[in-house]
Protein chains: 2
Amino acid sequence: MIIAMTEIKPSADSCESHQQSSRPYHHGDLRKELLCAAREMLEDGTIASMSLRAVAKKVGVSHTAPYRHFKDKEELLAGIAAIGFNRLTARMAAAVAAHPGDPAGQMQEAGYQYVKLALENPPCVQLMFGDILPCDDTYPELKQAGEEAFNGLKTIIVEGQSLGVFKPGDIELLALTTWSGIHGLTLLLVGGNLPDILSKDIDNRDITFAVTSAMLDGLMAPPSTS
Amino acid sequence: MIIAMTEIKPSADSCESHQQSSRPYHHGDLRKELLCAAREMLEDGTIASMSLRAVAKKVGVSHTAPYRHFKDKEELLAGIAAIGFNRLTARMAAAVAAHPGDPAGQMQEAGYQYVKLALENPPCVQLMFGDILPCDDTYPELKQAGEEAFNGLKTIIVEGQSLGVFKPGDIELLALTTWSGIHGLTLLLVGGNLPDILSKDIDNRDITFAVTSAMLDGLMAPPSTS
DNA sequence: ACCTGAACACCGTTCAAGT
DNA sequence: ACCTGAACACCGTTCAAGT
């Protein structure tokens, strides 16, 4: 069964203040606070440099308190990755809404949103796709969040096909192809693996649009009509 | 200046035995042995689980000995990543040689070689592209190895254009597009992010060829001639 | 030159104990 | 229920000392 793309959670893009406030012992929602603080720490640093102990200290609890809410450091990381997928899904839906009836435009915009999100928090992307977390049923929330994001992409392709803008063909395969292209570009940009390759004055939006265009049109020359 | 793709080193695909042998104090080439042992440890485990101390123990030296040969754990990791790029370059060159005069076939084969190499040692790919190591001039050997691999791809595109098989257009951009597609597919496969998406009986070779075909042909429907 | 052992400041995780 | 502090087995890294 394919999971339908249901409602898009607003997924509050910001976090409450997590300074150690009034209550000396009981926090309002320590789980969320830890998740949020960890996400922030990830933004400037690596996954390895984000220690559970440091997160606990930032929130103002002892270094063993997180174990009341997460079995593991891994479980915390899985929570962060799930948030990442939810945000991606939300932005893709917004991209679709912004270009009604224009699947190619939707695809370009969705790709750019993907790139932008990734650049805001590269280590989070690493968490979502870097083979760090298990993709099986260990973290159902994570798995479902990932599938919802993929379904968002498939929706664009299905609409493109029904409008006759995209070629007919296996949806899963076409979705995988476009996902691969955008995903690969994103990771190359995030990883900084494109240093001298690109002209200096071209920005990420232009690069993303250029690459998605090339992907949509294909590389092969049209059959000669001679 | 673009660095030309020079000679392909055979880059011995296997390692010498690294059991602690005769010499009690001085090793023949401890640097290489450490690199090799670390690469092997990476194959079954994660980057985090591969500790410098464990590598040293496996080779049979004290846990501080590696510091005679590597400034850092990071420097060791950079050495492993460079080896990965060299192997990729070599396999791409072999893919080109296997399909003379057929750029599309070269591209498909190169893509498959990329996928295959990645699946043999996923954490190594993470090291090569996962934003873990700096891409600047900190590790010149690593940087050059990466550029050589990218040049191998560009070579295919240049030949394809001159034969009229591929569209004309900016080479860097087309190379980036195909690299992104293959790179993204590889990481999705390595990361296990494609669990229920794919039919169970289709193997990686078929998937890779299908995706690269879709990339070469593009997704857009041909302009209607009505 | 090359390697060792002790030492330091960090981890993640467990567990008995406190509120 | 929720949190703490001590304790354990690990890290990476430094440094004086050994061959």
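Proteins get letters first, then strands, A, B, ... in listed order; numbering begins at 1 in each.
Applying the Watson-Crick and G-U wobble criteria (two distances, each under 3.5 Å), D:dT14 pairs with C:dA6. Base pairing of C:dA1: its partner is D:dT19, meeting the Watson-Crick or G-U wobble criterion (both donor-acceptor distances under 3.5 Å).
Atom C1' of nucleotide C:dG5 and atom NZ of B:Lys57 are separated by 15 Å, given to the nearest angstrom. Atoms CZ (B:Arg68) and C1' (D:dA16) sit 12 Å apart, rounded to a whole Å. Protein atom CZ of B:Arg53 is 16 Å distant from nucleotide atom P of C:dC10, rounded to whole Å. To the nearest angstrom, P of C:dA1 lies 21 Å from OH of B:Tyr67. In this entry the distance linking NZ of A:Lys73 with P of D:dC11 reads 15 Å, nearest Å. B:Arg31 places its CZ atom 18 Å from the P atom of C:dA1, with the value rounded to the nearest Å. Atom CD of B:Glu74 is separated from atom P of D:dT13 by 9 Å (rounded to the nearest Å). Distance, A:Leu52 CG to D:dC3 C1': 15 Å, rounded to whole Å.
A:Phe129 and A:Phe85 have their aromatic ring centers within a separation under 6.0 angstrom.
Residue B:Ala65 places its side chain closer to C:dT4 than to any other of C:dC11, D:dC3, C:dT4.
Heavy-atom contacts from other residues, nucleotides or ligands closer than 6.0 Å to CD of B:Glu43 number more than 12. For A:Glu74, the CD atom sits in a packed shell: over 12 heavy atoms of surrounding residues, nucleotides or ligands are nearer than 6.0 Å.
In this pair, B:His183 and B:Tyr114 present their aromatic rings parallel. The plane angle is below 30°, not in the 30 to 60° band.
Along DNA chain D, the nucleotide nearest B:Asp72 and the nucleotide nearest A:His63 are compared for position; the residue whose nucleotide lies closer to the 5' end is A:His63. For A:Ser51 and B:His69, each mapped to the nucleotide of DNA chain C holding its nearest heavy atom, the one lying further toward the 5' end belongs to B:His69.
Interatomic distance, CG of A:Leu34 versus CG of A:Leu52, reported as 8.0 Å (0.5 Å rounding).
Applying the 4.0 Å criterion to OP1 and OP2 of D:dC3, one finds that A:Thr64 has every side-chain N and O outside that range.
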